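Contents: one structure, followed by commentary.
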Amino acid sequence: MNTPIFDFVQSYKNKSAARFHMPGHKGKTFLGPEALDITEIDGADVLYKSEGIIEESQKNASSLFGTKKTVYSCEGSSLAIRAMLYLALLNSNSSRVILAARNAHRVFMSAAVLLDLDVEWLYSEENTVLSCSISADALDKRLSEMKIKPMAFYVTSPDYLGNVADIKSLAEICHKWGILLLVDNAHGAYLNFLPASKHPIHLGADMCCDSAHKTLPVLTGGAYLHISQNAPEALSENAKRAMSVFASTSPSYLILESLDLANRYLAEGYTERLVKCVKRVNDIKKKLSHKGFDLIGSEELKLTLAPKSYGYTGEELASILLTNNVVCEFADSDFLVFMITPETEECDLTLLEGLLLGLKKRTAITDAPPSPRPLKRVMSPRVAAFSKWETVNVEEAMGRILATENVSCPPAIPIAVCGEKLDENALELFKYYGINKITVVKL
């Protein structure tokens, strides 16, 4: 597969031209890659007005993923999520309502605020802050009860812990009711390249985002907005426009080159490498399960432990591993997350496997986080987010209205969202997760 962006930049680099254009480093080495870092000079194309080498590269990506249209993002899935919601709104006749599984990333809420959307939440019986498993029956029931039909249903799959939704069934329900299915697939770009694709686009989603940088060999910030072959035509027609509404006008050409090179890498034997990696990860999972560890989720390349039953907190295990120069993706009191790809070296997998299997089982830790309960919304997300606000101690926040989400990334999943009235359950959750101060609407 050709690599038009990379080839153009390499050619430009080799010309050693007098650079009277941005960036300010003029191709001179400070960090290392400056010679390959350019701007929209003649022939370099323009990302969200692409007609040349970027458009050619995006078409290569579209053919790999089997989409009607794939657009690059240099600002991660965050940009693609905002664009998805914008496109869903353009596609809607009148509704500004969007239904979403509660464990949405905080950028979903920031997009809803910017677009002044009315968010309705769907919880599951097994709902936690990080996970929210929604069945097709539960979605069907909720849609049948809604007085205003939403413009779309939004779900995160795989979620941060590696739980995977039944996208095919959810898509069937959405299309039965005439609404779009939008999927935050930030952690699942590689799913397209399994022998039988499990990518949301192939399971019926109308649009999804993929963070290429999370699971593919792409620089941080590289991502895709995918639009299905079966999606309404207006979605693909307006995709670039939707991205440009929220995007920087100075996209990174280093990221674009990385996405471009990834096309060739993915087209040349990646599935075989992926299958081998999945087999190795499954082998590790089986050994850990046999040893007595509780494992979470079914995502192929994510290893998530719930180590309290083994006598450790996730943070404690992460600290033990760090002393052996092993760095995990995420750890809190309840979970420990490892992200593995075909680029993970066998020596690193062997080291991780040996360290975990060598841990002595201890008395189980029995404390658990409070289960989240639905909160009463008393103000629209947009009004709350743009209200005057103040910071208060969690102990002083009973009955106050949240102004902004108080979560870091990772995992960036809000306990409460702007416009909701805080109750005792929400305050207990804030305390459990170590959040001591929050921003509330000023009285």
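Just so we're clear, the structure is a prediction, and the values are computed from it rather than from any experiment.
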Kindly say whether [Y] contributes a backbone atom to a donor-acceptor pair with the side chain of [X] at under 3.5 angstrom?
X: Q58; Y: Y72; answer: yes
X: N263; Y: L64; answer: no
X: D423; Y: N425; answer: yes
X: S62; Y: T67; answer: yes
X: T350; Y: E346; answer: yes
X: S77; Y: S211; answer: yes
X: T271; Y: F193; answer: yes
X: D210; Y: A223; answer: no
X: N324; Y: V326; answer: no
X: E257; Y: F6; answer: no

Anything under 30° is parallel, anything over 60° is perpendicular, the rest tilted; go ahead and classify [X] against [Y].
X: F65; Y: H226; answer: tilted
X: H199; Y: H202; answer: tilted
X: Y160; Y: F330; answer: perpendicular

Student check: side-chain heavy atoms of [X] and [Y] closer than 4.5 Å:
X: D260; Y: P4; answer: yes
X: L422; Y: L402; answer: yes
X: L355; Y: I320; answer: no
X: D159; Y: L130; answer: no
X: T156; Y: H105; answer: no
X: L301; Y: C277; answer: yes
X: L303; Y: L295; answer: yes
X: S73; Y: Y224; answer: no

P150: which of I179, I98, L180 passes side chain to side chain contact (heavy atoms under 4.5 Å, CB included)
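Of all the options given, the one that passes is I179.
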
Indicate yes or no: does [X] engage [Y] in a salt bridge with an N to O separation below 4.0 Å.
X: R362; Y: E316; value: yes
X: E353; Y: R280; value: yes
X: E299; Y: K214; value: no
X: R377; Y: D118; value: yes
X: K308; Y: D294; value: no
X: K168; Y: E172; value: yes
X: D137; Y: K141; value: no
X: E329; Y: K302; value: no

What are the two closest heavy atoms between [X] and [Y], and how far apart are they?
X: C74; Y: L47; value: SG-CD2, 4.2 Å
X: L235; Y: N91; value: CD2-CB, 3.9 Å
X: T215; Y: H187; value: CG2-O, 3.4 Å
X: F338; Y: L336; value: CZ-CD2, 3.4 Å
X: V113; Y: P381; value: CG2-O, 3.7 Å
X: A152; Y: A88; value: CB-CB, 4.4 Å

Under the salt bridge (charged side-chain N to carboxylate O under 4.0 Å, His left out) rule, what do D283 and K287 come out as? Steps first, then yes or no, please.
CA-CA 6 Å; D283 180 58; K287 290 178 181 178; 3.4 Å; yes

Compute both the distance and the angle, then confirm whether R82 meets the cation-pi test with F108: under 6.0 Å from the six-membered ring centre, within 45 degrees of the axis.
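Judged by the rule, R82 and F108 form no cation-pi pair.
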
Kindly compute the distance separating [atom1] ([X]) from [atom2] ([Y]), expressed to the nearest 0.5 Å.
X: N60; Y: E55; atom1: CG; atom2: CD; result: 10.5 Å
X: Y86; Y: S244; atom1: OH; atom2: OG; result: 7.5 Å
X: S157; Y: N163; atom1: OG; atom2: CG; result: 8.5 Å
X: Y432; Y: I415; atom1: OH; atom2: CD1; result: 11.0 Å
X: L429; Y: R373; atom1: CG; atom2: CZ; result: 9.0 Å
X: D140; Y: L170; atom1: CG; atom2: CG; result: 10.5 Å

Does one side chain, of D206 or H175, offer a donor that lies under 3.5 Å from an acceptor on the other?
yes

Is the number of heavy atoms from other residues, nucleotides or ligands within 6.0 Å of [atom1] ([X]) greater than 12?
X: M398; atom1: CE; result: yes
X: K240; atom1: NZ; result: yes
X: E424; atom1: CD; result: no
X: W389; atom1: CH2; result: no
X: N325; atom1: CG; result: no
X: E345; atom1: CD; result: no

For E420 and R102, run salt bridge (charged side-chain N to carboxylate O under 4.0 Å, His left out): C-alpha distance rounded to whole Å, both residues' side-chain angles, the deciding distance at 0.1 Å, then the answer.
CA-CA 13 Å; E420 291 181 334; R102 179 65 184 199; 2.8 Å; yes

Quick one: do T439 and T391 satisfy side chain to side chain donor-acceptor pair (under 3.5 Å)? Show the steps, please.
CA-CA 4 Å; T439 56; T391 300; 6.0 Å; no

Between E56 and N2, does the side chain to side chain donor-acceptor pair (under 3.5 Å) criterion hold? Intermediate values first, please.
CA-CA 9 Å; E56 183 180 356; N2 68 339; 2.4 Å; yes

